[in-house]
Amino acid sequence: MRRYKIIVAGCGCPHAPLFLARMRDMRRWEVVAASESDDKLFETMKNSTADLPDIKLYRDHKEMFKRHSDVDAVLIGSDNFYHFQMFLDAVQYKFNIFMMKVISMNEDECREMIRIKNSYDRHVACELELHFRPQLHEARRRIVSGEIGDIEAIYLTNVSLCPIDRYPNWGDPVLSYGSRVPLKPNSKFCRGGAITDHPHPYDLIRWITGRDFATVSAVSARNQMQDLAVEDHAAITGKMDNGVPFFVNPSYTNLVERGPDLRFIWPKVLECNLKVTGTKGYISADFFNHACTTCGHGFASPDRALVEDVPSAREEIDDSLMGAFAALLDGRRTTPETGLEESYQAVRVMNAAYDSIYSGKEIVLK
Amino acid sequence: MKQIIMPHEAVGRHGEDFCQALYWRYFPIMKRARNYKLNGKCGNLCSLRFAASRPAKKALPENEFLYDHLLSILDAAQYIAESNYVSLHINKAENKNILFALAMFENEVSVEIELNEALPDTMPDIAFLWANFDAGCVTNQPLIGYLNYEGLLQADASGMRMICKDSIQAVPAEGPYEWMKQRFLLDVERDEAFAGNLNTDAIAELISRSI
């Protein structure tokens, strides 16, 4: 199978370095260059690619685009604030585009990107996690096949640690949300934290139910981390367009010790629990319900990290977001696993949640 | 011993001659979380998360589902948060005892509730509390999995039971709800249970405005 050349524009998103590391192990991708304009993030990128001297590093993504205009694809891994302009620049070079997490929290920018994509003769995919998690994939298969009947309620938590000490840019309201918008009237906290970081719960619910969101109500508690500029907690409920109630908790309430090194207080990285009640049965899927629990020296949090450490077979190459993106470029897939439209639909729910937190009212999505 | 009545029967009733079956207030995990709040070991309370599920065969009439079960959770949340409610939003499934609720207190502590009495009859009772503080948390939700943390599991061809047994129970409890109820009855017997209306009138009014 063909190996594709890819460049990485920005590593402000905490997942971008992970993708860089994973792509090294995937025979389908050859990372030829990466760019980052922020001094600190550039150093991080330099360190994480130190053993790969063939990767060219740039400070300016435009310069990188110009010098590597022959590559097959670009991964846009910058802070959300830069996504829109980088997307426009990438389109000029006719790259296939893979975007990280939210495409933009600005819905006008989302719609413009979708408009451009609709007449673009290259592929555009977007990182919305969880589709390839085996427990969730299997839960969806059983639900879609009707094993639990019609869905009566759906509950999903995505409670994680807070990455902001290690990625301060992720807690900057402008870099994260795109502008400084107070979370509540007279609040010192702004939009751009736990809600902005987690678009995938809404995508997962749409993927499982096949329905769109109709109403959204949300609350945000007093921050556990008072020195953050953005929210660390939210809980969201509402109805799907067929009247089914949903609940999402996308918070950063799994505590870590403050500082640049990752040390857990709560020993679990992520709680991602799906509970679906149907007319004929019930399914609960725990992303961390693995066969193996590991706690020992040498993990991110010495002696205390409960990590995803699964004694499973190696994944098939297509069973990952970048594998599915390669399959798209091969022509073995016709649509991305998750694309701009899915991200935009998630962004609409997230902005509605912010509006509900600000106004204290239920928001109706039109 | 004081008269025991259900919370919905206490609405509008005053005096100190009765105790309401506000079971969640007597849940040992709740008591532990409240102790940590009072002694400051976990820091300041920020958010509360309740997950309470039962099989459909134990589903209450809707009025009791709302004004006994939900009310009991809201009462327990207020007992630990020690503040006044400023909002409550209830999102209920049609014709089923399934709801999600969000509430805020004046002190910016939030409450999230999953209340589900529509599980298959093969499922055991499940009751979790998460109390998130700025320097710690208290919960009985296991790190991995869906069911209750510890106790006994007994199974035969007819199904599975999860049994709670602590050091002061005379009889093991068939799951966390029974455990709360036993602790409540024990406090009533010892004359240590809370007497009177407490804040039930206000919470019932809040529910009726939100549903």
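Only heavy atoms go into these numbers, but all of them, side chains included; no hydrogens, no water, no symmetry mates. Just so it is clear, the model here is predicted, and its values are computed rather than measured. Throughout, a chain's letter reflects where its sequence line sits, starting with A, and its residues are numbered from 1.
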**OP:** Would you tell me whether B:Glu112 and A:His233 have side-chain atoms, one donor and one acceptor, within less than 3.5 Å of each other?
**Re:**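 Per modelled atom types, B:Glu112 and A:His233 side chains form a pair under 3.5 Å.
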Can you tell me how far the [atom1] atom of [X] sits from the [atom2] atom of [Y], to the nearest 0.5 Å?
X: A:Thr277; Y: B:Asn97; atom1: OG1; atom2: CG; result: 12.0 Å
X: B:Ser87; Y: A:Lys361; atom1: OG; atom2: NZ; result: 13.0 Å
X: B:Phe133; Y: A:Leu255; atom1: CZ; atom2: CG; result: 11.0 Å
X: B:Asn132; Y: A:Asn254; atom1: CG; atom2: CG; result: 8.0 Å

Original post:
Does some side-chain heavy atom of A:Arg222 sit less than 4.5 Å from a side-chain heavy atom of B:Asn107?
Top reply: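 When only atoms from C-beta onward are counted, A:Arg222 and B:Asn107 do not touch, as no gap falls below 4.5 Å.
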Original post:
Does some side-chain heavy atom of B:Thr139 sit less than 4.5 Å from a side-chain heavy atom of A:Trp266?
Top reply: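 Side chain of A:Trp266 against side chain of B:Thr139, heavy atoms only: contact under 4.5 Å found.
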Subject >> side-chain contact (heavy atoms from CB on, under 4.5 Å) evaluation trace for B:Arg49 with A:Asn249 >> reply: CA-CA 10 Å; B:Arg49 203 169 114 204; A:Asn249 180 322; 3.8 Å; yes
Original post:
Which is it for B:Leu102 and A:Phe247 under the side-chain contact (heavy atoms from CB on, under 4.5 Å) test, yes or no, and what are the steps along the way?
Top reply: CA-CA 10 Å; B:Leu102 303 175; A:Phe247 174 92; 3.9 Å; yes
**OP:** Could you check A:Tyr282 against B:Thr122 for side-chain contact (heavy atoms from CB on, under 4.5 Å), going step by step and ending with a plain yes or no?
**Re:** CA-CA 10 Å; A:Tyr282 174 77; B:Thr122 50; over 6 Å; no
Original post:
Can you name the closest pair of heavy atoms from B:Leu143 and A:Asp286 and give their distance?
Top reply: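 Minimum heavy-atom contact is O-OD2, 4.4 Å.
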Original post:
Do you know the tightest heavy-atom contact between A:Thr237 and B:Phe100?
Top reply: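 Reported closest heavy-atom pair: OG1-CB, 3.4 Å.
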Subject >> When A:Lys275, A:Lys280, A:Glu362 are compared by non-hydrogen pairs under 4.5 Å with chain B, the top option >> reply: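 Highest number of heavy-atom pairs under 4.5 Å: A:Lys275.
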With only heavy atoms counted, which part of [X] is less than 4.5 Å from chain B, the side chain, the backbone, both or neither?
X: A:Val256; answer: neither
X: A:Ile154; answer: backbone
X: A:Ser220; answer: backbone

Original post:
Going through the distances and angles, do B:Glu94 and A:Glu152 end up as a side-chain contact (heavy atoms from CB on, under 4.5 Å)?
Top reply: CA-CA 9 Å; B:Glu94 276 184 36; A:Glu152 294 184 310; over 6 Å; no
**OP:** Count the heavy atoms of every other residue, nucleotide or ligand shown that sit under 6.0 Å from CZ of A:Arg180, and state whether that count exceeds 12.
**Re:**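 Check fails, neighbour count at 12 or below.
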Considering only distance and modelled atom types, tabulate donor-acceptor pairs under 3.5 Å from the side chains of residues 208-219 of chain A, sequence neighbours left out.
from     : atom 1 : to       : atom 2 : distance (Å)
A:Thr209 : OG1    : A:Ile205 : O      : 2.7
A:Thr209 : OG1    : A:Arg211 : N      : 3.1
A:Arg211 : NE     : A:Asp241 : OD1    : 2.8
A:Arg211 : NH2    : A:Asp241 : OD1    : 3.3
A:Asp212 : OD1    : A:Arg206 : NE     : 2.8
A:Asp212 : OD1    : A:Arg206 : NH2    : 3.0
A:Thr215 : OG1    : A:Lys239 : N      : 2.9
A:Ser217 : OG     : B:His89  : NE2    : 3.2

